[in-house]
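For reference, the structure is listed below as structure tokens.
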Protein chains: 2
Amino acid sequence: MTAFRPAATRCLDCGLHKLCFPPSFDEHALNRISQLVAQPSAFAKNETVYRLGDSMTALYAVRSGALKTSVLLPSGEEQITGFYLPGEVIGLDNMGQSHCASTATALEKTTLCELPVNGISQLSQQLPELQGHLFQIMSTELRQDYQRMHLMAQASAEVRVVSFLLGLSARQQQRHLATNELRLSMGRADLANHLGLALETVSRALSQLADDGLIEVSGKSIRIIHAEQLAERVAADCHSS
Amino acid sequence: MTAFRPAATRCLDCGLHKLCFPPSFDEHALNRISQLVAQPSAFAKNETVYRLGDSMTALYAVRSGALKTSVLLPSGEEQITGFYLPGEVIGLDNMGQSHCASTATALEKTTLCELPVNGISQLSQQLPELQGHLFQIMSTELRQDYQRMHLMAQASAEVRVVSFLLGLSARQQQRHLATNELRLSMGRADLANHLGLALETVSRALSQLADDGLIEVSGKSIRIIHAEQLAERVAADCHSS
DNA sequence: CGTCGGGTTGAACCCGTTCAAAGGGAGTGG
DNA sequence: CCACTCCCTTTGAACGGGTTCAACCCGACG
């Protein structure tokens, strides 16, 4: 079996391994991990990877495409907790749980590397660096959540939208993509949900920013014209409050 | 040294060990952990346990008292990320980092058990249950943050305050304390900051709830009169939106 | 008794929501 | 190739809840 595994499934050969795992991971560590990773699987748009209540079996590293994670609230409404791009890992919020507490849905055609949680747990007993990495990405998510929480609690609609755009831009930079050309894989409704705003408010904020000449908006494609001025608006809002 | 360690520092003898660690932890595991735990240290009101930028050396389990954790935003303002009570563990958002990204401040006279992060990391290589526990409490914090984020994003002031009170009540129940007698260790300003509201709004919400006969407010002491009706208001708000 | 800090109450303003309608682009069928 | 439709997005106008600014209250402490 393993002899026939396509080269593409070996993390070492994957251009994203420095994102999924620390750059410091050596060949040995990557090979050990590769042995756990199943053949990347493809998901169509709107297909769910896992769903609330499913038994928790794996983490998933995004290989291509994009997806959203959401929690279903008691009331039945959906709260989108995050959008994930290639090189990012989903399922951390279910670590240590027997069942999934969230749902992951592909926003477009997406391929994922499956990291079985049993294997990951065991391997991280042997590779301190892997355990440290898991702690690190989980704590990073925690810290990012704090910032997002402050955003939701305090920031104006414009600042929320700008923060999101700049965050996306920064993540593209990590993947060595252009920082000023964004393609939003999610619709306005999902974006609004994630930012805690009404759909119309997001649209208005984008239009306003476009009117001010800071960005160009064309459907799901957004071009950042003046990144510095965008950053200033975020800072200005923080300073004023 | 260890021969003279007071019995009180042995986790096995501490009434809170089922909160700090899973109830399933056996005597062996608790003893291994106890060897790591330094003498509980005391902090006065407003004293900081660790501060943004400090080197990250330990997690801390609350033994008595209460404290808040906060992040300092670029603008210089403080966002309070959580309040912690006996049996709860702080510092998880710094796991895997070399330096603290948050600040922990005692809200009253507080004693903490220090869990050196090096020791914890190494021990969790040997005790899969400990590693699993760490993953679990981190993922639990993640999931709680998602709920809080939704609260901040969508919920009315009243719902935010009620959710906080009910959450506090639930945590008291875990510690086998009365669920209807709350003592808020933080001031209105901290509470408002944490809930993403203006100080005045929190005060108004509490007054309103008191007028409606659902709670009794006397400074920092709050008595819950009709827990069910409080829960209904939260559910009602969710349903309406 | 006076002062001080935290908490409460009051009134006006502002931003985001809500409801409503129009605009636009992709896909389908003629 | 165009016309039609559907869905997503944009734009408009009025409403409402939370913030803000301001005054007041109250218990603690000197």
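Every chain is numbered from 1, with letters handed out A, B, ... down the list of sequences.
A straight line from CG of A:Asn193 to C1' of D:dT9 spans 17 Å, rounded to a whole angstrom. What separates CG of A:Leu191 from P of D:dT10 is a distance of 10 Å, to the nearest Å. Rounded to whole Å, atom P of D:dG18 lies 16 Å from atom CE of A:Met152. Following rounding to the nearest Å, A:Asp211 (CG) and D:dT11 (C1') show an atom-to-atom distance of 11 Å. In this entry the distance linking CG of A:Leu184 with C1' of D:dC8 reads 14 Å, nearest Å. Following rounding to the nearest Å, B:Asn46 (CG) and C:dG5 (P) show an atom-to-atom distance of 14 Å. The distance from atom CD of B:Gln154 to atom C1' of D:dG17 is 15 Å, rounded to the nearest whole Å.
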Might you list the N or O atoms of the protein lying below 3.5 Å from N or O atoms in nucleotides 26-30 of chain D, with each pair's distance?
none

Identify all pairs in which a protein N or O lies below 3.5 Å from an N or O of nucleotides 21-28 of chain C, and state each distance.
none

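Although no hydrogens or angles enter the test, the distance criterion places a donor-acceptor pair under 3.5 Å between the side chain of A:Thr81 and the main chain of A:Thr69.
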Residues A:Ser64, A:Thr111; criterion side-chain hydrogen bond (donor to acceptor under 3.5 Å, both in side chains); working and verdict:
CA-CA 5 Å; A:Ser64 70; A:Thr111 56; 2.7 Å; yes
Residue pair A:Ser102, A:Asp93: steps toward the side-chain hydrogen bond (donor to acceptor under 3.5 Å, both in side chains) verdict:
CA-CA 8 Å; A:Ser102 59; A:Asp93 55 334; 2.9 Å; yes
Sequence neighbours excluded and cut-off under 3.5 Å, please list the side-chain donor-acceptor pairs for residues 196-205 of chain A, or say none.
none

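Atoms CG and CG, on A:Leu214 and A:Leu230 in that order, are 5.0 Å from each other to the nearest 0.5 Å.
Residue A:Lys220 places at least one side-chain N or O under 4.0 Å from the OP1 or OP2 atom of D:dT9.
In this structure, B:Glu108 does not pair ionically with B:Lys45, as no charged nitrogen and carboxylate oxygen lie closer than 4.0 Å. Using a 4.0 Å cut-off between charged side-chain N and carboxylate O, A:Glu78 and A:Lys68 make a salt bridge.
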Generate the contact string for nucleotides 8-17 of chain C. Rules: B means base contact, S means sugar-phosphate contact only, - means no protein heavy atom under 4.0 Å.
BBBB----SB
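With sequence neighbours excluded, no residue forms a salt bridge (Lys or Arg N to Asp or Glu O under 4.0 Å) with A:Asp145.
Looking at B:Gln79 and B:Ser70, their side chains never come closer than 4.5 Å, going by heavy atoms from C-beta outward.
Ring-centre distance between B:Tyr84 and B:Tyr60: not below the 6.0 Å cut-off.
Within residues 161-168 of chain B, no residue has any heavy atom closer than 4.0 Å to DNA chain C.
Neither side chain, B:Arg160 nor B:Ser156, offers a donor N or O lying under 3.5 Å from an acceptor on the other.
Test A:Arg233, A:Gln229, A:His226 against A:Asp212 for side chain to side chain donor-acceptor pair (under 3.5 Å) and you get one pass: A:Arg233.
Few gaps surround CD on A:Gln208; more than 12 heavy atoms of other groups in view lie less than 6.0 Å from it.
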